[in-house]
Structures are given as C-alpha cells and as structure tokens.
Amino acid sequence: DAKTTQPNSMESNEEEPVHLPCNHSTISGTDYIHWYRQLPSQGPEYVIHGLTSNVNNRMASLAIAEDRKSSTLILHRATLRDAAVYYCILGNSGGSNYKLTFGKGTLLTVNP
Amino acid sequence: DTGVSQNPRHKITKRGQNVTFRCDPISEHNRLYWYRQTLGQGPEFLTYFQNEAQLEKSRLLSDRFSAERPKGSFSTLEIQRTEQGDSAMYLCASGTGNTEAFFGQGTRLTVV
C-alpha cells in the first residue's frame, strides 16, 4: 500500500483557517486521496476525497498538488468541534475493495 | 438512528474466554469492514465482506478470529481464547461501491 506522511500534531486557533499537509510521493495514477477524521471516543468520519482536481464540500476543501505527490486539507474556519485526529489515506477507489490503510494521522488541537 | 451500530460498546473479559461482537451496518450497504485500533494508532484493517461473502482477510486475523455475515446484513466478529494483546477498539464500517465508509462507534475490548 502506498504510504502517506503527516505531521504528528498541529495547533490552531478557533475561527482561523487550518491547513493540514500530507505527503504521498509514491502515489500511483489510480490512487485517490481520502481524508478521514476521528473525534475522541468516536469511529473515524469521512471528510473528503479527490483524485486530481481540488475538491470542496461542506466540511472542508482538498488541494492536490499538480504532481499529486502532496495534498492539503483545508478547514476554512476551525471550531472546537474540529479537534480530532486527521488521517490522509491513499486508496484505489476503482478497485473492488475499499480497504483503508490508516497511518497515525495528525492530531489537531483547536484553541479557543 | 440510521448509522452503523455496534454492540456491546464495552466488553471486559478474562484471558482465555471467547467474545463475540455484533455490527449492524446501514441498511442497503452491501460492503462491511472490520478494523482494530489500539491506543495511539490508526485503525488496522481486519476483514471485508461484500454481501455475505468474506472477500479479504488481513494476516492480522489469526485463527482465533472469525467473522461472519450470514445474510448479508449484520455481522459478528468472534475472538476465541482471548489474549491480553487482543485488547483494543474493534470498529465496523459499511458502505456501497467505492466511496466513503461509514464507521460505528466501536466496541472496546479489555482482556484482563
């Protein structure tokens, strides 16, 4: 499975934007970039995914580098409820499986 | 609540005992996944069902572990002769196609 590299932790202030980076230099042409987050004592929650183009949804934006070797999850205005572990995962959404290989993720702390 | 439901939420058992966990996926989701998560780590894939067929098993799933999804709806995960190293959060997820997975809140197993 292609690996991703994320910072162990990041800190942000409430109502400020947050940019969570992810490096995936060994990404293959068919790998999608998925982001999930896990709040304390909860199961992981889907955030967003993309292949080549930048993506936006109600939760976040995903900016993908032109060479696809890195991406950034953008939370436009962090709230205290966004404090969680954020996982960047590569997956082949064109395959018959949707097995997710989680790393350790980035622990995001949001300060009031 | 129409989300993924897992029972029990917590289980404490003595080493050597058998335990069984249940997962009720979102109805009409044909794909079901089991993951295991230990403290400070991301979830690790255990096994995957499409309808009632178990299509993939991780090498993490030793002979003491068995999972079933008899009618393509709910699933059970059984651990026989539990060991202290089995202590973890067991997460179930469901989905359709190759899009996002929806996770339950997990069953926390403690083997004493």
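Throughout, a chain's letter reflects where its sequence line sits, starting with A, and its residues are numbered from 1. No hydrogens, no waters, no symmetry mates; every other heavy atom, side chains included, goes into these values.
Not a single donor-acceptor pair under 3.5 Å links the side chain of B:Thr82 to the backbone N or O of B:Asn18. B:Gln6 contributes a side-chain N or O that, together with a main-chain N or O of B:Cys92, makes up a donor-acceptor pair within less than 3.5 Å. With hydrogens and angles ignored, the 3.5 Å screen pairs no side-chain donor or acceptor of B:Asn51 with any backbone N or O of B:Arg31. Side-chain atoms of A:Thr106 come within 3.5 Å of backbone N or O of A:Pro7 as a donor-acceptor pair.
The contact between B:Gln37 and chain A is made entirely by side chain atoms (from C-beta outward), counting heavy-atom distances below 4.5 Å.
Residues A:Leu108 and A:Val18 are in side-chain contact: their nearest non-hydrogen atoms beyond the backbone lie under 4.5 Å apart. Put simply, the side chain of A:Val55 does not reach to within 4.5 Å of the side chain of A:Ser61, judged on heavy atoms. Using a 4.5 Å heavy-atom cutoff, the side chains of A:Ile33 and A:Ile64 are in contact.
Between A:Thr30 and A:Arg68 the shortest heavy-atom distance is N-NH2, 4.4 Å.
For chain B, the option among A:Pro44, A:Gly103, A:Gly43, A:Gly105 with the highest count of heavy-atom pairs below 4.5 Å is A:Pro44.
Interface residues of residues 101-112 of chain B toward chain A, defined by a heavy-atom distance below 4.5 Å and sorted by number: B:Ala101, B:Phe103, B:Gly104, B:Gln105. Annotation: residues 60-72 of chain B contacts chain A through no residue [non-hydrogen atoms, separation under 4.5 Å].
With hydrogens and angles left out, the side-chain atoms of A:Glu11 and A:Asn111 include a donor and acceptor closer than 3.5 Å.
The aromatic rings of A:Phe102 and A:Tyr87 sit perpendicular to each other, their planes meeting at more than 60°, with 30° as the lower class boundary.
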